[in-house]
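Contents: one structure, followed by commentary.
Chain letters run A, B, ... following the sequence lines, proteins first, then strands; residues in each count from 1.
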Protein chains: 2
Amino acid sequence: MAVTIRDVAALAGVSPSTVSRTCKDNPSISEETKEKVRLAMAKLGYEPNFQASNLASQNSRTIGIVLPVSERFIYVNSFFLEIIRGITQYCNSRQYITTIIAGETEDEALQTIRSMVRNGLVDSFILLYSKQKDPITSYLYNEGILFALIGKAYHFANQTIYVDTDNILAGQNATEYLINLNHHHIGYIGYERSLIFSSDRKYGYSLAHYEHNIPLNHDYSVEVRYSPNQMPEELMQLLRRPDRPTAFVVADDFLGIALERCCRECGLSIPNDISVVSFNNSLFAELSSPPLTSIDINSVQLGIEAATQIINHAENPNLPSTKIIVPHRIVERESCKKL
Amino acid sequence: MAVTIRDVAALAGVSPSTVSRTCKDNPSISEETKEKVRLAMAKLGYEPNFQASNLASQNSRTIGIVLPVSERFIYVNSFFLEIIRGITQYCNSRQYITTIIAGETEDEALQTIRSMVRNGLVDSFILLYSKQKDPITSYLYNEGILFALIGKAYHFANQTIYVDTDNILAGQNATEYLINLNHHHIGYIGYERSLIFSSDRKYGYSLAHYEHNIPLNHDYSVEVRYSPNQMPEELMQLLRRPDRPTAFVVADDFLGIALERCCRECGLSIPNDISVVSFNNSLFAELSSPPLTSIDINSVQLGIEAATQIINHAENPNLPSTKIIVPHRIVERESCKKL
DNA sequence: ATATTTAATGCAAGCGGTTGCATGGAGTTG
DNA sequence: CAACTCCATGCAACCGCTTGCATTAAATAT
């Protein structure tokens, strides 16, 4: 059996409570005694029992990471895994643990979450998505359970902790990058409006136009349903037009790859005929041909920030609900050309 | 405060121990009483406290999922995330939980694992990789801690639980698929020999040649270091040879994409000049142009099997260390052509 | 009818910590 | 020097559940 607080107490010649207080660095224990106890702990290789400690102090230093349900979203490159890494590494360093919640359906996930809350296993959550009318978000919000969103909050935004990229700014920056390469006919390829990250990026794209006094051509923007392996006919038509855009901002690397394929089919060259800037800087951007210039959104950092927020709030319940913006940066590759 | 076993006991008019035994479906409680207790549990929405239960019964229904350290490997498409989903879903359904361990370095990960073991947080592990001379594997093995490998065990193979694809067979099948399309000049592109999955696939590739009495041309096989965005000059030379292979088996979708890029540079068309079969059937295979015919290795199932094994062994310590082979299947797309 | 077995349940001592309160001794004060 | 603080530590109850053993009542055997 592992070494317990009593063993340490015995060796140090103090009571278990003194050991416990030493672990917490309680000021009412003299530095002298603490040293003695620490020595004993080191000698025995003592590690406080996580479960016992949680049980006694009525908390659980455990954060639930909720994966989005939809299969499609899951695949979005290494995004999720990077966030998970970020969260986990930070949590481990602060003696918290994480547990993954992955349901086949929303109901299943909600069920799991409910029971984890009820049985005291998990007391806070990080959702790796943000969407409208999500029963999980509502549940957590209504029960007053601590949670953070990766992405932008829809409802209760003011009372919700979230960590996000400034997608509007990112969209603007991507577009400005192309404008600086003398592109004035820039298209946007994104997803349906309900996916906020895409519509924000698009909004940034228009902002850049306004600020640079470049007219915005509305039929230069194309909407793709969330399955980039089937690009709409509309796009092909756009590419075949004589007055087609000379550059595109596309909502993520998937669409970047899909656009590359379309161009190939139309006999257009990237970057000679068309320049492309995409988002996420996933491995896809690196491996595609040509490799894509892409906005890196720093997923690992998103995870770290979310974990930081959650732990700080867990330990200090009356902090205000913060919103954190993680900066992005452009990674230049071979998909853009100066006109 | 949440509802406890005492509340249930009080409502049902029995003792806490009876409630506890009812939860475990202990045969020494009469069916009649159990019904009464179950009713009370339902009425109160009782969920047993995970930590308390673990503390009392001296176990932790928690499985640590260890991610590989190397950044590069992490990215291998959706592989890891799918496995994590598989493990997590299965665990949740059996009332186990999972926790992710992600270290920046091997030492850091080992440190985390050590302390999780010592403080009783985790008592079994699933490693999402398998490599030689891994300090984590050695530690777990030497301490006699229950663990399973995804991949093929190197050392202690006979005493280790592992879940794997039959990569030799998969390599053979991929090759036979091309042979059946009348290809007789087939190349193999893989990684350095120390990556067993790659060398096994290559071995299967040769087996297929022998079985079909097709001579194996050794300079048709190319080895790439684990960074597929830089293909070796050797491959380009091979592609430019007049007697170049008409088809390739490549160790994973990354290499498939990389090969596509090389072909494009050499002015070769896939599938017209070169046919390609790759492995893993990741999103990369779907999105590349042309989409790649790829061997699906069923990652979610790998995760489920690993979790099943671990839980069974945890609950029944003298089971023999099993090896599980998860079947693969070929997914046909547009990268192959009949000669 | 009494002794003995058996089945069903309860008692109470843990599991390994935490923490409010009591305690004791050193230090301060008048 | 008695009275009083105050600081450092210990005591013991408790967190919610598990489980070996005792207990009781019913069933069976003698």
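- Residue B:Tyr46 is classed as a sugar-phosphate contact, given heavy-atom separations below 4.0 Å to backbone atoms only.
- Regarding B:Asn59, its CG atom lies at a distance of 15 Å from the P atom of D:dC17, rounded to whole Å.
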Table please: side-chain donor-acceptor pairs of residues 111-118 of chain A below 3.5 Å, with sequence neighbours left out.
residue	atom	partner	partner atom	Å
A:Thr112	OG1	A:Glu108	O	2.9
A:Arg118	NH1	B:Glu47	OE2	3.1

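- With distances taken from any side-chain atom of B:Ser28 to the nucleotides C:dG17, C:dT9, C:dG10, the minimum falls on C:dT9.
- Although no hydrogens or angles enter the test, the distance criterion places a donor-acceptor pair under 3.5 Å between the side chain of A:Thr4 and the main chain of A:Arg6.
- Among the atoms of the strands shown, none is found under 4.0 Å from any heavy atom of A:Val19.
- Within 4.0 Å of B:Ser53, counting heavy atoms only, lie sugar-phosphate atoms of the nucleic acid but no base atom.
- Comparing A:Pro27 and A:Pro16 along DNA chain D, the residue whose closest nucleotide (by nearest heavy atom) sits nearer the 5' end is A:Pro27.
- A:Thr18 has a side-chain polar atom (N or O) that falls below the 4.0 Å cut-off from OP1 or OP2 of D:dG10.
- Counting to the nearest Å, the P atom of D:dG10 and the CD1 atom of A:Ile29 are 8 Å from each other.
- When each of C:dG17, C:dG10, D:dG16 is scored by its nearest atom to the side-chain atoms of B:Ala52, the top-ranked nucleotide is D:dG16.
- Summarising the geometry, the separation between CG on B:Asn26 and P on D:dT18 is reported as 11 Å, rounded to the nearest angstrom.
- Distances were taken from every side-chain heavy atom of B:Leu55 (C-beta onward) to each of C:dG16, D:dC15, C:dG17; the shortest belongs to C:dG16.
- With rounding to whole Å, A:Asn54 atom CG is found 15 Å from D:dC17 atom P.
- Between the CD1 atom of B:Ile5 and the P atom of C:dA12 there is a distance of 17 Å, given to the nearest Å.
- Closest approach to the B:Thr33 side chain among D:dT18, D:dC17, C:dT9 is made by C:dT9 (side chain taken as heavy atoms from C-beta onward).
- Counting heavy atoms of neighbouring residues, nucleotides and ligands inside a 6.0 Å radius, atom CD of B:Gln159 exceeds 12 of them.
- In this model, the phosphate group of D:dC7 is not approached by any side-chain N or O of A:Ser30 to a distance below 4.0 Å at OP1 or OP2.
- For B:Arg6 against C:dG10, a side-chain-to-base donor-acceptor contact under 3.5 Å is absent.
- The pair B:Arg38-B:Glu35 meets the salt-bridge criterion, since a charged nitrogen lies less than 4.0 angstrom from a carboxylate oxygen.
- For B:Ser57, no side-chain nitrogen or oxygen approaches OP1 or OP2 of D:dC17 to under 4.0 Å.
- Between B:Phe50 atom CZ and D:dT18 atom P the separation is 12 Å, expressed in whole Å.
- For the pair A:Ser20 and C:dT18, the criterion of a side-chain N or O lying under 4.0 Å from OP1 or OP2 is met.
- A straight line from CG of A:Asn119 to C1' of D:dC15 spans 15 Å, rounded to a whole angstrom.
- Here C:dC15 presents its C1' atom at 15 Å from CG of B:Asp123, a figure rounded to the nearest Å.
- Comparing D:dC11, C:dG16, C:dA8 against the side chain of A:Asn49 picks out C:dG16 as the nearest.
- Within 6.0 Å of NZ in B:Lys323 there are more than 12 heavy atoms belonging to other residues, nucleotides or ligands.
- Looking only at distances, a side-chain donor or acceptor of A:Ser130 sits under 3.5 Å from a matching main-chain atom of A:Lys152.
- The base of D:dC11 sits within donor-acceptor range of the side chain of A:Ser17, with an N or O pair under 3.5 Å.
- Close to D:dG16, at under 4.0 Å from its OP1 or OP2, lies a side-chain N or O of A:Gln58.
- Between C:dG10 and B:Ser15, a contact under 4.0 Å exists linking OP1 or OP2 to a side-chain N or O.
- For C:dG10, the base has a donor-acceptor partner in the side chain of B:Arg21 [N/O atoms by modelled type, under 3.5 angstrom].
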